[in-house]
Protein chains: 2
Amino acid sequence: MIISKKQAFQDFASAKGLKSTKQRDIILDSFLSCHQHLTTEELYLKLKTDNPNIGFATVYRTLKLFAESGIAREIQFGDGQTRYEHMHAGEHHDHLVCTRCGAIVEFENETIEKLQSEVAAQHGFTIKNHKLELYGYCVKCS
Amino acid sequence: MIISKKQAFQDFASAKGLKSTKQRDIILDSFLSCHQHLTTEELYLKLKTDNPNIGFATVYRTLKLFAESGIAREIQFGDGQTRYEHMHAGEHHDHLVCTRCGAIVEFENETIEKLQSEVAAQHGFTIKNHKLELYGYCVKCS
DNA sequence: TCGTATATTGATAATCATTTTCAAAAAGGC
DNA sequence: GCCTTTTTGAAAATGATTATCAATATACGA
């Protein structure tokens, strides 16, 4: 899984004529080995421990590249920070967000996806992607 | 409809011990008579024509109050700006967003809502609100 | 109506996340 | 190795939003 993501990004990079650099490799490894939904800042801090020489501008730039390449997706939960999550080809998942403790649970629901397509078709829209987030309290917090 | 929103905000204000001010009245009228999904800046610019003496800090503060009072809701479409839309008691609508021309279409779908509740229940979540946005191209742009 | 306590305003400064700038360093051909 | 182009890191810039604070307005009791 991780290997194919690496491959996918390398394909994207060479197709775009990007040069391969140490920094991007490090950031890619770190991102792929990381839990989901992390902030640019979180990844930057995590990296800095082992690689104090990587600047945060590079982390920002590289995560944007990951999103562009399709191996990551930007998500925003309304707390002002952009998060990045791994993107698994072909599948899509949505989020339950606990507004008390910040816990994030992922879920998938094909019926909802199908209904979304129907709604879009009714309005003549061609859907590229979507975002569904349910906000509330998790088991522990309610 | 507009009158009841005004009433609703006044109830909220008095319950919170807020004083009634000219500025808030003007902003409330302007907001209620406005199209949906407007940016704080858009409302500020619109106001400034007739009321050059209202500061944008007040507009920001007041829109946050509207959201708190329940007559408005904050929405974010990922373009970096917070938008406010009218909130109709008891009903909830979601959005189709055209990523080319920026068109926004609202829709409601009870079945999706029901499925969301089911998903939340399965994970032990108590849902307070949710957000569903479908991004793609509208009829004209596709 | 007057005074007083409290909330609100507007201008400005501050903040926070993100982006841009730019000179120096690194990569990829040839 | 040379030369062109991309990338990097540090710092400055940006853009949206929030906090600060003195001046002003409001509510309410005397």
Side-chain angles (χ1 to χ4, degrees), chain A residues 9-31 37-69 72-84 102, chain B residues 9-31 37-69 72-84 102:
Chain A
F9 182 68
Q10 264 154 36
D11 292 350
F12 166 84
S14 69
K16 253 211 142 190
L18 303 178
K19 293 178 175 174
S20 83
T21 70
K22 228 184 316 173
Q23 288 89 332
R24 278 211 272 255
D25 288 347
I26 292 170
I27 297 172
L28 181 53
D29 278 339
S30 190
F31 173 71
H37 315 118
L38 37 56
T39 290
T40 312
E41 197 192 1
E42 283 169 1
L43 186 56
Y44 169 65
L45 290 175
K46 190 186 175 237
L47 280 168
K48 223 169 62 168
T49 330
D50 295 324
N51 308 275
N53 44 320
I54 292 188
F56 69 85
T58 303
V59 180
Y60 269 97
R61 281 188 282 237
T62 308
L63 282 175
K64 281 219 161 286
L65 275 181
F66 291 171
E68 202 188 331
S69 80
R73 176 181 23 230
E74 299 187 341
I75 42 176
Q76 278 164 284
F77 289 142
D79 62 349
Q81 273 182 96
T82 302
R83 285 153 201 280
Y84 289 85
Chain B
F9 182 69
Q10 262 154 38
D11 291 351
F12 166 84
S14 71
K16 253 212 142 189
L18 303 178
K19 294 177 175 172
S20 82
T21 71
K22 228 182 318 173
Q23 287 89 333
R24 277 211 273 256
D25 288 347
I26 292 169
I27 297 172
L28 181 53
D29 279 338
S30 190
F31 172 72
H37 317 117
L38 37 59
T39 291
T40 312
E41 198 193 0
E42 283 169 0
L43 186 55
Y44 169 64
L45 291 176
K46 189 185 176 240
L47 280 168
K48 223 170 61 169
T49 330
D50 294 324
N51 309 275
N53 45 322
I54 291 188
F56 69 85
T58 304
V59 180
Y60 269 97
R61 280 187 284 237
T62 307
L63 281 175
K64 281 219 161 287
L65 276 181
F66 291 171
E68 203 189 329
S69 80
R73 177 184 18 234
E74 298 187 342
I75 42 177
Q76 279 165 283
F77 290 141
D79 61 349
Q81 272 183 97
T82 302
R83 284 154 200 281
Y84 288 85

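Below, chains carry the letters A, B, ... as their sequence lines are ordered, and counting in each starts from 1. Remember, predicted model here, so these are calculated numbers, not experimental data.
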A.B. asks: Is any side-chain nitrogen or oxygen of A:R24 closer than 4.0 Å to OP1 or OP2 of D:dT6?
C.D. replies: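 Answer no for this pair, as no side-chain N or O of A:R24 is under 4.0 Å from OP1 or OP2.
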A.B. asks: Along nucleotides 16-29 of chain C, 5' to 3', which nucleotides get a B, which get an S, and which get a -, given that the test is a protein heavy-atom distance under 4.0 Å?
C.D. replies: -SBBBB-----BS-
A.B. asks: Could you tell me which non-hydrogen atom of A:E74 sits nearest to which non-hydrogen atom of A:A67, and how far apart they are?
C.D. replies: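 Nearest heavy atoms, A:E74 then A:A67: CG-CB, 4.1 Å.
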A.B. asks: To the nearest angstrom, how far is A:L65 atom CG from D:dT8 atom C1'?
C.D. replies: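 Going from A:L65 (CG) to D:dT8 (C1'), I get 13 Å.
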A.B. asks: Rounded to whole Å, please give me the gap between CD in B:E42 and P in D:dG15.
C.D. replies: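 Computing the B:E42:CD to D:dG15:P distance gives 16 Å.
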A.B. asks: Minimum heavy-atom separation for B:L18 to B:F12, with atom names?
C.D. replies: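 Heavy atoms only, the tightest pair is CD1-CE2, 4.2 Å.
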A.B. asks: Could you check whether the rings of A:F66 and A:F31 sit parallel, tilted or perpendicular, using 30° and 60° as the cut-offs?
C.D. replies: tilted
A.B. asks: Using whole Å, what does the distance between atom P of nucleotide D:dA25 and atom CG of B:N53 come to?
C.D. replies: 11 Å
A.B. asks: Grab the OH-C1' distance between B:Y44 and D:dG15 for me, whole Å please.
C.D. replies: 15 Å
A.B. asks: Taking CG from B:L63 and P from C:dT8, how many angstroms apart are they, rounded to a whole number?
C.D. replies: 15 Å
A.B. asks: Write down the distance between CD1 (B:I26) and P (C:dG10), rounded to a whole number of angstrom.
C.D. replies: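 Between P of C:dG10 and CD1 of B:I26: 9 Å.
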A.B. asks: How far apart are the C-alpha atoms of A:L65 and A:E68, what are their side-chain angles, what is the distance that settles it, and do they pass the side chain to side chain contact (heavy atoms under 4.5 Å, CB included) test?
C.D. replies: CA-CA 5 Å; A:L65 275 181; A:E68 202 188 331; 3.8 Å; yes
A.B. asks: Once you round it to whole Å, what is the distance between P of C:dG10 and CD1 of B:I27?
C.D. replies: 7 Å
A.B. asks: Let me see the working for B:Y84 and B:L43 under side chain to side chain contact (heavy atoms under 4.5 Å, CB included), right down to the final yes or no.
C.D. replies: CA-CA 10 Å; B:Y84 288 85; B:L43 186 55; over 6 Å; no
A.B. asks: Among residues at least two apart in sequence or on other chains, which ones pass side chain to side chain donor-acceptor pair (under 3.5 Å) with B:D79?
C.D. replies: B:R83
